[in-house]
Participant: 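Handing you this structure, nothing more for now.
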Protein chains: 2
Amino acid sequence: MTVSEQKATDRAGPAASDLAFAHHDHAHCSTDALARAEALTAAKGARMTPVRRRVLEILLEEHRALGAYDVLSRLVSEGFGNQPPVAYRALEFLVEQGLAHRIQRLNAFAACVHAGEDHAPAFLICRDCHTVAEAEAGAARAALETEAARAGFLVERTTIEAMGLCPNCRTHAA
Amino acid sequence: MTVSEQKATDRAGPAASDLAFAHHDHAHCSTDALARAEALTAAKGARMTPVRRRVLEILLEEHRALGAYDVLSRLVSEGFGNQPPVAYRALEFLVEQGLAHRIQRLNAFAACVHAGEDHAPAFLICRDCHTVAEAEAGAARAALETEAARAGFLVERTTIEAMGLCPNCRTHAA
DNA sequence: CTTGACCTGTTATGATATTACATTCATAGA
DNA sequence: TCTATGAATGTAATATCATAACAGGTCAAG
Ligand SMILES: [Zn+2]
Ligand SMILES: [Zn+2]
Ligand SMILES: [Zn+2]
Ligand SMILES: [Zn+2]
């Protein structure tokens, strides 16, 4: 990473204290994200319907990734449709709108904690407590694009994920 | 990326001409990989059985990722067992031995073209022709670890994949 | 030749995801 | 206001990906 790239990362990236692992006022974190989601979809003319809103709320409850069927079972118990497309369509919408991310490693979905910020996310997945934190992947993505460019490959989308131990679980393990 | 990191990449990484996209003597590329696989497993005392060898050969036929069921259907037509565990177990073995990689994005598997080299792979996946090239991810992984360290997260395994257009398909598209 | 580890075959099931079509809902234009 | 239209949702059926559990076979060390 060059010095200028590091500075860019420092400007754009979340502070370490923003990360899911740190203690924080999660009720605020969650309602804030939901409010921003409403504003963003309204601005784009996209429709934040009840199912979609509820799915986002469910994802926001914890900093974990949920499978489509986990989400679906929650929806069913609240009177929404009980077939897979109900969950998959709402999740697809949220991902398209940048309000949620798909975690490839887990075949699961997590709410975006930086909605509207046009960020390059990496995901830090704790194998122990299953918390998923969204980290800044600008530098990693740049390195990947550099490598791709050597091959003449045009990068359109990237998947950058790390599996390991979060600070809390490291401490417990030690 | 620092200058020293760039140099490290240049030393360790494959030349651009090594990549799957470039024209190359693939018969040699393939038989060579198979020979190295035999040597590596022998050295480790692991058993390269007929199914396992055949699965590796199948993966080596092209620089693409194959799903477990694609592999399985090939095995069936050659007299091996026709149940999913037959394919999954052979693939699991190859991944454990570092002879193949799992491509998360595709739920599929590709032969490793740098077996035994202790590399940090990134995968460049062409959305058009489905070729999968293995690129050097040392720099990207280092950037990801730096970011993870800020959060106190201990990285154990990484998934670094890019979806996009390979040089050939870029040309055709243009 | 027995033992024990490992490998393979097979059944059954579970988990993830999509296609297709019918119905309902929101809203822009007549 | 009253449709026409496209969007969203509900539902059934199916496709795709993955693992658990157990039985039987192979092979080399003892
Ligand atoms: Zn939070
Ligand atoms: Zn944890
Ligand atoms: Zn080749
Ligand atoms: Zn291509």
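Just so you know, these numbers use all the heavy atoms, side chains as well, and skip hydrogens, waters and symmetry mates. Chain identifiers are assigned alphabetically (A, B, ...) following the order of the sequence lines, protein sequences preceding nucleic acid strands; residue numbering begins at 1 within each chain.
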Participant: Check the angle between the aromatic planes of H101(B) and H119(B) and answer parallel, tilted or perpendicular using the 30° and 60° thresholds.
Facilitator: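 Taking H119(B) first and then H101(B), their aromatic rings stand perpendicular (interplane angle over 60°).
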Participant: Rounded to the nearest Å, what distance is computed from the CD atom of residue Q104(A) to the C1' atom of nucleotide dC17(D)?
Facilitator: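 My rounded result for the distance is 14 Å.
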Participant: Is any side-chain N of the basic residue among R150(A) and E147(A) closer than 4.0 Å to the acidic one's carboxylate O?
Facilitator: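 Yes.
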Participant: Assess whether side-chain contact (heavy atoms from CB on, under 4.5 Å) is satisfied between E134(B) and H63(B), documenting all intermediate values.
Facilitator: CA-CA 9 Å; E134(B) 198 174 334; H63(B) 290 287; over 6 Å; no
Participant: Between atom CG in L75(B) and atom C1' in dC7(C), what is the gap in whole Å?
Facilitator: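 Answer to the nearest Å: 15 Å.
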Participant: Does R52(A) place a side-chain N or O at less than 4.0 Å from the phosphate oxygens OP1/OP2 of dT9(D)?
Facilitator: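 Looking at the OP1 and OP2 atoms of dT9(D), one of them is under 4.0 Å from a side-chain N or O of R52(A).
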Participant: From OH of Y88(A) over to P of dG10(D), roughly how many Å is that when rounded to an integer?
Facilitator: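 Taking OH of Y88(A) and P of dG10(D), I get 17 Å after rounding.
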Participant: Confirm from the modelled atom types if R89(B) and dG9(C) form a donor-acceptor pair under 3.5 Å, side chain to base only.
Facilitator: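 Under the 3.5 Å cut-off, the side chain and the base do form a donor-acceptor pair.
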Participant: Roughly how many Å is it from CG in L91(A) to P in dT16(C), rounded to a whole number?
Facilitator: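 Value for this atom pair: 13 Å.
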Participant: Taking the six-membered ring for Trp, does Y69(B) stack with dC17(D) (centroid gap under 5.5 Å, planes within less than 30°)?
Facilitator: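 Stacked: ring centres under 5.5 Å, planes under 30°.
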Participant: Could you give the CG-to-P distance, from L72(A) to dT18(C), as a whole number of Å?
Facilitator: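 Distance, rounded to whole Å: 14 Å.
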Participant: Flag the pair R141(A) and E145(A) as a salt bridge only when some basic side-chain nitrogen lies within less than 4.0 angstrom of an acidic carboxylate oxygen.
Facilitator: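 Salt bridge flag = yes for E145(A) with R141(A).
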Participant: Is the closest basic N to carboxylate O distance between D70(A) and R74(A) below 4.0 Å?
Facilitator: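 Between R74(A) and D70(A) there is no salt bridge, as every charged N stays at least 4.0 Å from the carboxylate O atoms.
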Participant: If you only use heavy atoms from C-beta on, which nucleotide in dT11(D), dT16(C), dT10(C) is closest to the side chain of P85(B)?
Facilitator: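 Of all the options, the side chain of P85(B) is nearest to dT10(C).
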Participant: Nearest whole Å is fine: how far is dA7(D) C1' from E96(A) CD?
Facilitator: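 The answer, rounded to whole Å, is 13 Å.
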Participant: Using heavy atoms to find the nearest nucleotide of DNA chain C for Q83(A) and N82(B) separately, return the residue whose nucleotide is more 5′.
Facilitator: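 Here N82(B) is the residue nearer the 5' end.
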Participant: Round to the nearest Å and state the distance from E92(B) atom CD to dT8(C) atom C1'.
Facilitator: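 Roughly 14 Å, once rounded to whole Å.
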Participant: Starting from C1' on dT26(D), measure out to CE on M48(B) and report it in whole angstrom.
Facilitator: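 One finds 18 Å between C1' of dT26(D) and CE of M48(B), rounded.
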Participant: Nearest nucleotide by nearest heavy atom, which residue falls closer to the 5' end of DNA chain D, A68(B) or R47(B)?
Facilitator: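 Result of the comparison: A68(B).
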Participant: Given that L106(A) and F80(B) both sit by DNA chain C, which one's nearest nucleotide is further toward the 5' end?
Facilitator: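 Here F80(B) is the residue nearer the 5' end.
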